[in-house]
Each structure stands twice: as C-alpha cells, then as structure tokens.
Amino acid sequence: MSENYSKYQSLWKLQITPLNRRRLENFKKNRRGYWSLWIFLILFVLSLFAELIANDKPYLIMFKGEFFFPALVEYPETVFGGDFPTEADYKDIFVQELIEKDGWLAWPLVRFSFDTIDKELTKPAPSPPDARHWLGTDDQARDVLARLIYGFRLSVLFGLILTILSSVVGIIAGAIQGYYGGLRDLLFQRFIEIWAGMPQLYILIIMSSILVPGFWVLLIILLLFSWLALVGVVRAEFLRARNLDFVRAARALGVADGTIIYRHVLPNAMVATITMLPFILTGGVTALTSLDFLGLGLPPGSPSLGELLNQGKNNLQAPWLGLSGFFVLALMLSLLIFIGEGVRDAFDPRKTFE
C-alpha cells in the first residue's frame with residue numbers, strides 16, 4: 001500500500017514542473033488568497049447541495065422498509081397511502097402522520113425552499129428574524145436564508161459559465177490578432193475600439209427589456225462585452241511570441257498554424273490570462289446582481305441577490321433584507337478579489353524567480 005502511494009506521489013510530482021510548483025508555493029504564502037480560496041470552495045460546494053440544506057420537502061423518507069428522496073424525485077401521495085395521485089404535500093400534517101405510521105422523515109436544516117411561501121406567519125411580511133425564519137422573510141413571505149443559499153449558487157454558476165465562455169472567445173480573438181497581425185489585426189482592433197466604446201450599461205438595459213429575461217438570455221447579452229477583457233492581454237502575448245526563434249523554426253519546418261498557436265504560443269499567453277479570470281468572475285456576478293436590482297435580470301421568483309437588495313431598498317422598515325443581501329454579496333466578492341490577488345502574485349515573474 002505504501003509503495004503504491006509513493007508511486008502515485010512521485011508521478012504527481014513529475015507532472016508538476018518546477019516553475020508551477022514555485023507558483024503554487026507562492027500562492028500558499030499569500031495567506032489571505034489561500035484561505036479565501038478554501039472558504040469560497042467550501043461555500044460553493046455546500047450551495048451545490050442547496051436542495052438538501054433548504055427545502056420544503058424531506059431529503060430522505062423511510063416508508064415500509066423503502067427509502068425515498070422527495071427533494072430529488074416527485075412522489076404522489078398514493079405512494080404513502082394517501083388519496084390523491086398528485087405530488088404529496090409533506091408540510092401537511094395528514095401526510096406526515098401517514099408516513100410516520102410505517103417510517104420516518106428526515107428534514108433539511110432549513111424547512112423552506114427559495115420559492116416557499118409561508119402561510120403561517122404570525123406577523124405581516126416581511127417578518128423579522130425568529131426561530132422559524134433565522135434571517136426573516138421577504139415581502140412575499142419567503143425565507144431569506146433559503147433565497148440566499150440558492151442565490152449564492154445561481155450567482156456563482158452564472159459567473160463561472162460567463163467566465164469560461166468569455167475566456168474562450170477572448171483567447172481566440174486575441175490569438176488571431178496577435179499571431180497573424182497585419183490587416184487582420186488592424187481591422188479587428190478598430191472593431192474592438194468601436195465596440196468597447198459603446199455604452200454597455202444602456203445596451204444591456206435595452207436588450208434586457210426587449211428580450212424575455214432568462215438565465216441563458218442574460219448570459220449571451222453579458223457575453224457580448226465580457227470577452228473584451230482578455231483580448232488585449234492575449235494579443236500582446238502573441239505579438240511578443242510570434243517572432244521568437246522556436247515559433248519561426250516551427251514555421252520553417254512546415255508545422256500548421258493551429259498547432260503552433262495551440263502547443264507553442266498559447267501556453268505562454270495563458271499565464272497572463274489565468275490572472276484575469278477571478279476578476280472576470282467578479283464582474284459577471286456584479287453585472288447579474290445589477291440587472292436583477294434594476295428589475296431587468298432573471299425572471300420574477302428566481303433566487304437573486306440583486307432582487308433581495310431591491311426589496312431591502314423598497315422596505316427600509318425591514319433592514320434584515322438589505323443587510324443579508326449586502327453581507328453575502330460583499331463576502332463573495334471579497335473572497336474572489338483576494339483569490340485573484342493571490343493568483344496574480346503567484347504568477348508574478350519577479351516573485352516566481354526569486
């Protein structure tokens with residue numbers, strides 16, 4: 001067993017070059033960025049299981065010796081001995097008694113989903129925090145904590161997808177400009193200058209008001225401008241590397257341009273690109289929150305941090321709404337900024353070759 005472990009460990013060490021190992025060590029030395037990465041990963045992984053943390057359905061039921069997973073699968077009431085063929089209402093005392101006769105229910109930590117309307121409030125919505133709703137409810141009697149958990153997951157996933165797509169488009173555009181140069185670079189650069197000079201916020205507001213709001217619609221709209229952040233960096237790296245000896249030698253040997261770009265030049269450009277990714281992710285999350293705050297983002301009812309902030313603005317008598325959204329958003333953005341600073345310092349040549 002120990003021999004296999006040492007074998008895998010040695011193979012892992014061989015896969016990491018000394019330069020990347022030094023960068024990893026530099027990132028670990030940045031304690032703020034290193035711990036921010038761990039905290040962010042823990043929060044994000046937990047949010048991926050939001051249905052098991054905050055839900056108005058049990059995450060596990062044992063009934064007559066069989067296990068059921070209502071949080072993931074819909075079961076009709078007749079499965080548990082009820083009368084209706086529709087999905088069971090697990091909040092109904094009658095359904096709970098039917099199940100508890102021959103089994104048990106395991107409830108999530110928060111017994112509300114992001115769209116659950118609590119009809120048993122003792123105070124008018126938005127109600128203040130209490131033992132039933134730890135962070136209170138919004139103006140539609142929905143649990144704030146549940147909406148924060150789902151909203152955090154939605155914002156991060158939106159930002160990650162936007163970052164990946166923006167990186168692909170930006171790297172391809174910058175690579176074509178920098179590698180070929182000449183007229184292609186000139187025309188593309190003029191187009192980017194005109195496109196970057198457009199009033200982005202107004203265009204986003206106009207398109208969001210014309211098109212039906214949705215996750216993918218907003219993603220495409222924001223992608224129209226977010227890819228510009230990487231073009232200049234990648235273009236500069238390709239312009240610098242296109243006349244280096246190893247690139248000229250590869251051309252002389254007849255190597256295809258695509259192979260040269262992908263295998264020889266792109267790895268050098270990725271160093272500067274990686275340092276930009278956390279900041280692009282931050283910009284994507286901020287843009288989504290801004291559009292939701294203005295009412296031009298996700299469809300009504302979606303778990304949105306921007307919509308929660310808008311409720312806090314409209315309900316100043318309920319400060320827990322604005323404060324909850326603000327602290328979650330501030331924590332998320334701070335962690336991403338600290339991670340970005342750590343990655344930037346780790347890839348800094350002045351620190352890498354010390």
Side-chain angles (χ1 to χ4, degrees), residues 42-121 125-127 130-161 212-219 288 292 297-308 311 324 328:
I42 291 173
L43 293 176
F44 179 57
V45 171
L46 288 176
S47 69
L48 293 178
F49 301 93
E51 286 79 7
L52 304 179
I53 300 174
N55 208 325
D56 55 2
K57 305 175 184 178
Y59 63 84
L60 180 62
I61 291 178
M62 198 282 288
F63 183 72
K64 293 184 178 181
E66 297 184 21
F67 289 100
F68 300 88
F69 304 92
L72 305 176
V73 182
E74 294 184 0
Y75 299 104
E77 187 179 306
T78 54
V79 173
F80 307 108
D83 301 324
F84 301 103
T86 56
E87 184 181 6
D89 183 6
Y90 302 98
K91 300 186 297 295
D92 190 349
I93 301 298
F94 174 72
V95 175
Q96 295 181 17
E97 291 177 350
L98 284 176
I99 297 175
E100 291 174 350
K101 285 181 181 179
D102 297 296
W104 45 264
L105 304 88
W107 287 92
L109 185 64
V110 180
R111 293 194 179 189
F112 301 94
S113 185
F114 69 91
D115 56 351
T116 304
I117 297 177
D118 190 359
K119 300 178 181 179
E120 301 178 2
L121 290 178
S127 61
D130 54 22
R132 183 177 176 86
H133 299 281
W134 298 348
L135 294 179
T137 63
D138 62 4
D139 56 7
Q140 299 184 35
R142 298 172 299 191
D143 188 78
V144 173
L145 179 57
R147 293 187 65 80
L148 287 176
I149 296 173
Y150 284 87
F152 179 89
R153 180 179 67 177
L154 182 63
S155 298
V156 175
L157 288 177
F158 183 90
L160 286 175
I161 297 175
V212 178
F215 184 90
W216 297 106
V217 172
L218 290 177
L219 192 67
L288 177 63
D292 287 336
L298 297 172
S302 302
S304 167
L305 299 179
E307 190 263 347
L308 188 62
Q311 286 197 34
S324 299
V328 171

To the closest 0.5 Å, what do you measure between CG (L154) and CG (L288)?
6.5 Å
Show the numbers, then the answer: is there a side-chain contact (heavy atoms from CB on, under 4.5 Å) between L48 and F44?
CA-CA 6 Å; L48 293 178; F44 179 57; 3.8 Å; yes
What pair of heavy atoms forms the shortest contact from L46 to I53, and how long is it?
O-CD1, 3.2 Å
CG on L308 to CZ on F114, rounded to 0.5 Å
14.0 Å
Work out which heavy atom in P85 is nearest to a heavy atom in P76; give both atom names and the distance.
O-CB, 3.2 Å
So which heavy atom on S113 is nearest to which on Y150, and how close?
OG-OH, 3.8 Å
Can you list every pair that meets side chain to side chain donor-acceptor pair (under 3.5 Å) and has a residue in residues 43-57, with sequence neighbours left out?
E51-R153, D56-T116, K57-E87
Salt bridge between R132 and D118, side-chain N to carboxylate O under 4.0 Å?
yes
Pairwise side-chain contact, V144 with R147, heavy-atom cut-off 4.5 Å (strictly under):
no
Please report the shortest heavy-atom distance between P58 and P108, naming the atom on each side.
CA-CD, 4.1 Å
Salt-bridge criterion met for R142 and E307 (N-O under 4.0 Å)
yes
Strictly distance-based, threshold 3.5 Å: is any side-chain N or O of S302 a donor or acceptor partner for the main-chain N or O of L298?
no
Output a table of donor-acceptor pairs, distance under 3.5 Å, between side-chain atoms of residues 90-107 and any protein atom two or more places apart or on a different chain; print 'none' if there are none.
unit_1: K91; atom_1: NZ; unit_2: D89; atom_2: OD1; d: 3.4
unit_1: D92; atom_1: OD1; unit_2: F94; atom_2: N; d: 3.1
unit_1: Q96; atom_1: NE2; unit_2: Y90; atom_2: O; d: 2.8

Closest heavy-atom contact between A141 and A125?
N-CB, 3.7 Å
Please lay out, stage by stage, how W216 and I161 fare under the test side-chain contact (heavy atoms from CB on, under 4.5 Å).
CA-CA 10 Å; W216 297 106; I161 297 175; 4.3 Å; yes
For the atom pair CG (L219) and CG (L157), what is the distance rounded to the nearest 0.5 Å?
11.0 Å
Can you give each donor-acceptor pair under 3.5 Å made by side-chain atoms of residues 61-75, sequence neighbours left out, with the distance rounded to 0.1 Å?
unit_1: Y75; atom_1: OH; unit_2: F69; atom_2: N; d: 3.2

I want to check something: taking the side chain as every heavy atom from C-beta on, are F49 and I149 in contact at a cut-off of under 4.5 Å?
no
